[in-house]
Amino acid sequence: MKRHLLSASDLSYEDAVLILDTAEELAKLVDGPVKKLPTLRGRTVVNLFYEDSTRTRISFEAAAKRLSADVINFTAKGSSVSKGESLKDTALTLQAMGADAVIVRHSASGAAHQLAASGWIAGSVINAGDGTHEHPSQALLDAFTMRRHLRDSKGDLAGVRVTIVGDVLHSRVARSNVLLLATLGAEVTLVAPPTLMPFGVEQWPCEISYDLDRVLPRTEALMMLRVQGERMNNAFFPSMREYSRGYGLDDKRASALSPEAIVMHPGPMNRGLEISAGAADGLRSVIVEQVANGVSVRMAILYLLLGGASIEEVSL
Ligand code: NCD
């Protein structure tokens, strides 16, 4: 496995399966009587967040703490970034504090790559979302969730039909999912209005559709994406109602899914826009599970990148 996790395309099939299997083992351990493992004791993990986050930041923090690492939370608001300090100077400060891993979220696509390539940081860099580009740990937790519900006995997602719907243009979750799911052998279809499909999407390893109702009956995992208003500087669809009518998951559409299908959303949700409350809280929804799985998967990422003690050793 590479030292950094910057893109879902950094992961070979073997790497991806190793992370998912390790997450399964770690989930079993922390579900037992001992919640905390000593494996990263003495290591320092820094959460470097220049953009808002609830789930990702908290779950990386919980993951690091359950592995006994020391965690430093750095949020751009309230730091010297608001005084104009550059990414470089911030990185050098973190390096001086001996960070073994830096988990970075930034509004600029490529920020994590820059941090990793610059040599400013000696430890591992983990991309927790860079602009509209990538969010590989989210793709891993999504694959983990799909595997728990839909996998065959061989344990991969070969042939599983995944549909990703909504604001693909602004979604780093969609791009990372398409790349990882292709590596794992799933069949992905992206559905969005033409204005919310990224330029060059025909080259992505997936199918494209503009008709949600047509793909719903054959879907096994349906992932709804948030309409990212904060990244839209002009109108991408006529009205919220129009968007919901064409691309929202309402109760009627949810009932067109097969009974075994699962409904996913990375959060935060715009209830009533891309997903109805009934669909978000319904029996097929695994949205809360995704959050819980995020901790196990991020534990596995930290554990494998920072080379902790072997799991057998840990479970003794
Ligand atoms: C996503 C993100 O930040 O890219 N959320 C998350 O990490 N759980 C998706 C989004 O913001 O819509």
Side-chain angles (χ1 to χ4, degrees), residues 5-8 23 47-64 73 75-77 103-113 126-146 162-181 190-193 196-198 221-233 236-237 240 243-244 247-249 262-275 279-280 285-299 301-302:
L5 178 58
L6 305 175
S7 160
N47 268 326
L48 178 60
F49 277 62
Y50 288 87
E51 245 193 17
D52 294 343
S53 170
T54 306
R55 279 152 280 263
T56 306
R57 195 184 59 73
I58 291 176
S59 72
F60 265 117
E61 181 172 356
N73 281 315
T75 27
K77 278 178 206 137
I103 297 154
V104 60
R105 169 169 288 195
H106 201 286
S107 58
S109 299
H113 288 74
I126 300 171
N127 182 3
D130 61 327
T132 58
H133 184 230
E134 282 226 40
H135 192 355
S137 66
Q138 178 72 39
L140 283 160
L141 79 88
D142 290 335
F144 181 88
T145 307
M146 287 178 211
V162 182
T163 304
I164 302 177
V165 187
D167 186 358
V168 180
L169 180 66
H170 300 107
S171 178
R172 48 203 182 198
V173 174
R175 187 192 305 265
S176 288
N177 260 287
V178 168
L179 294 171
L180 180 69
L181 289 167
L190 292 177
V191 183
L196 289 175
M197 279 293 186
L222 178 66
M223 187 183 299
M224 303 307 297
L225 299 172
R226 183 172 67 89
V227 174
Q228 302 201 17
E230 79 279 19
R231 297 193 207 273
M232 294 183 183
N233 46 16
F236 286 86
F237 44 84
M240 308 249 257
Y243 180 87
S244 294
Y247 297 95
L249 182 65
I262 56 171
V263 170
M264 309 175 74
H265 192 302
M269 289 183 271
N270 295 308
R271 284 174 184 255
L273 180 53
E274 72 264 2
I275 191 164
S285 169
V286 296
I287 295 169
V288 178
E289 262 179 64
Q290 284 174 267
V291 179
N293 292 340
V295 178
S296 310
V297 167
R298 289 173 173 129
M299 283 175 79
I301 294 168
L302 290 171

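We count ligands from 1, going down the list as the structure has it; atoms in each ligand are counted the same way.
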- Item | Polar side chain donor-acceptor pair, Glu134 to Ser7, under 3.5 angstrom |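 Yes, a side-chain donor-acceptor pair sits under 3.5 Å.
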- Task: Taking atom CE of Met240 as the centre, report whether more than 12 heavy atoms of other residues, nucleotides or ligands fall under 6.0 Å from it.
- Result: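 Incorrect, the count does not exceed 12.
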- Query: Take atom CG in Asn73; do more than 12 heavy atoms of anything else shown fall under 6.0 Å from it?
  - Reply: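 Yes, CG of Asn73 has more than 12 neighbouring heavy atoms, counting only those of other groups under 6.0 Å.
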- Message: Check for me whether Arg105 meets the cation-pi criterion with Phe49, that is, NZ or CZ under 6.0 Å from the six-membered ring centre and within 45 degrees of the ring axis.
- Response: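 No, Arg105 and Phe49 do not form such a contact.
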- Item | Contact residues of ligand 1, where a non-hydrogen atom lies under 4.0 Å away |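 Correct list: Thr56, Arg105, His135, Gln138, Arg172, Val173, Arg226, Gln228, Pro266, Gly267, Pro268.
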- Query: Using the ring of each side chain (for Trp, its six-membered ring), is Phe236 parallel, tilted or perpendicular to His170, with breaks at 30° and 60°?
  - Reply: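 It falls in the perpendicular class, over 60°.
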- What residues form a salt bridge (charged side-chain N to carboxylate O under 4.0 Å, His left out) with Arg231, not counting sequence neighbours?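 If we apply the salt bridge (charged side-chain N to carboxylate O under 4.0 Å, His left out) test to Arg231, skipping adjacent residues, the hits are Glu51.
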